[in-house]
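Working notes, beginning with the structure itself.
This one's a predicted model, so the numbers in the text were calculated from it and none came from an experiment.
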Amino acid sequence: MIVAMALLALVYAVPIGLALLSGIVVPVVVVAVALAVLPQWWATEWMARQATRARIVSPEEQPELHAVLDRLCALNDLPKPRVAVSDDPRPNAFTLGRSRRHTTVMVTQGLLDTLEPDELTVAMAHEVAHIRHRDVAFMTLAGSLTIAMAWGMRVARRYARRHSRPVPFLQQVRDLPVMFFLASFASWIAVLWVFSVLARLPLRALSRSRELAADHDAAVQTGQPALLAATLLKISGCGIPGTDLRAATIPAVGLVAAEPARHGWWSSHPTIAQRVNRLT
């Protein structure tokens with residue numbers, strides 16, 4: 001974890017250093033970094049709910065889910081997070097937010113339909129462990145610049161694709177300011193793309209370590225490591241989860257990977273086999 005943090009700091013330091021060496025004044029760099037970090041710090045939960053069409057649910061609507069979180073938060077002396085449910089039929093859960101007091105646990109309807117009460121408890125213990133470890137705030141801060149760079153590249157690709165084929169004249173006029181900006185900073189956009197890709201390697205290594213730590217903490221808190229292992233196997237057998245906030249470039253810590261990577265070093269989660277072996 002320390003090595004991954006050091007590599008991430010290095011990846012972030014290089015483009016900032018290049019910007020300063022190229023003559024961009026310090027206040028401009030500070031403002032640019034703040035604009036990249038602060039919107040995600042304050043709006044992560046809202047963006048996640050918009051991306052997944054999740055809704056905040058009351059104890060009357062989801063009494064069992066709220067009761068599980070009430071018990072786990074009391075056990076860990078934590079403020080209770082907001083609870084949201086998305087209509088995704090495939091099982092998964094995410095924890096989002098910026099601090100222990102500003103956190104949302106979001107679960108899919110598929111998770112609620114798939115798991116038995118004791119399985120739901122160990123699954124939520126994993127999410128509460130992320131809150132207790134402050135993983136949500138840590139991953140939001142660590143990934144903010146990478147996500148901002150990824151957003152910038154998305155905008156650049158969208159406009160490049162749009163103008164790679166004939167478009168109406170009025171559309172060209174509307175897009176002119178953006179296209180002028182992209183052309184003026186083409187070299188910087190290329191640099192940011194390279195570093196956004198490089199930053200994902202230590203970020204995903206950090207994410208894998210935090211998932212293993214949350215598994216261990218959940219197993220200790222509930223005293224049921226075998227049940228957690230069985231729950232992970234049960235979820236993984238239900239197909240690839242459809243809700244993928246990380247693919248949507250939203251900082252979140254999830255129960256299982258929405259789309260397992262072909263190579264372990266590129267995955268945001270350890271494999272289910274690795275997690276089960278650690279628990280058993």
Side-chain angles (χ1 to χ4, degrees), residues 1-48 96-99 102 130 133-161 163 175-213 245-253 261 263-269:
M1 182 175 172
I2 294 176
V3 173
M5 291 175 62
L7 288 173
L8 184 64
L10 178 63
V11 171
Y12 284 162
V14 171
I16 292 174
L18 289 174
L20 294 172
L21 289 174
S22 68
I24 300 176
V25 295
V26 173
V28 172
V29 174
V30 171
V31 169
V33 172
L35 289 175
V37 174
L38 292 180
Q40 296 178 66
W41 181 253
W42 291 102
T44 293
E45 296 171 74
W46 177 83
M47 290 187 294
L96 314 109
R98 63 180 186 270
S99 69
H102 298 88
H130 281 307
H133 295 162
R134 294 186 170 89
D135 292 337
V136 182
F138 176 74
M139 293 304 296
T140 299
L141 284 175
S144 293
L145 290 180
T146 301
I147 291 172
M149 290 187 281
W151 282 346
M153 289 308 305
R154 251 185 212 183
V155 172
R157 282 201 305 270
R158 184 176 67 186
Y159 279 92
R161 287 173 181 169
H163 289 271
D175 290 348
L176 192 60
V178 176
M179 295 303 295
F180 178 77
F181 175 85
L182 294 176
S184 301
F185 294 92
S187 58
W188 271 109
I189 291 171
V191 169
L192 291 178
W193 178 81
V194 170
F195 282 98
S196 70
V197 173
L198 291 176
R200 292 178 196 180
L201 292 172
L203 268 177
R204 294 185 181 198
L206 284 172
S207 177
R208 292 193 299 273
S209 72
R210 302 322 303 151
E211 293 301 330
L212 291 174
L245 293 180
R246 284 163 173 167
T249 59
I250 296 173
V253 282
H263 304 289
W265 47 267
W266 190 247
S267 177
S268 62
H269 287 64

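With sequence neighbours excluded, the residues that form a side chain to side chain contact (heavy atoms under 4.5 Å, CB included) with V14 are L10, L18, F195. Applying the side chain to side chain contact (heavy atoms under 4.5 Å, CB included) criterion to V31, with sequence neighbours excluded, gives L35. A32 pairs by the side chain to side chain contact (heavy atoms under 4.5 Å, CB included) definition with nothing, not counting sequence neighbours.
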Checklist entry - Would E211 and D135 count as a side-chain contact (heavy atoms from CB on, under 4.5 Å) if you check the C-alpha gap in whole Å, the side-chain angles of each, and the deciding distance to 0.1 Å? => result CA-CA 9 Å; E211 293 301 330; D135 292 337; over 6 Å; no
Next on the checklist: Before you tell me yes or no, could you show the steps for R208 and H269 under side-chain contact (heavy atoms from CB on, under 4.5 Å), namely the whole-Å CA-CA distance, both residues' side-chain angles and the distance that decides it to 0.1 Å?
Outcome noted: CA-CA 5 Å; R208 292 193 299 273; H269 287 64; 5.5 Å; no
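Shown here for S268 and S207, the closest heavy-atom pair between the two residues is O-OG, 2.7 Å. Nearest approach of V136 to L96, heavy atoms of both residues: CG1-C, 3.3 Å.
Residues V28 and V25 are in side-chain contact: their nearest non-hydrogen atoms beyond the backbone lie under 4.5 Å apart.
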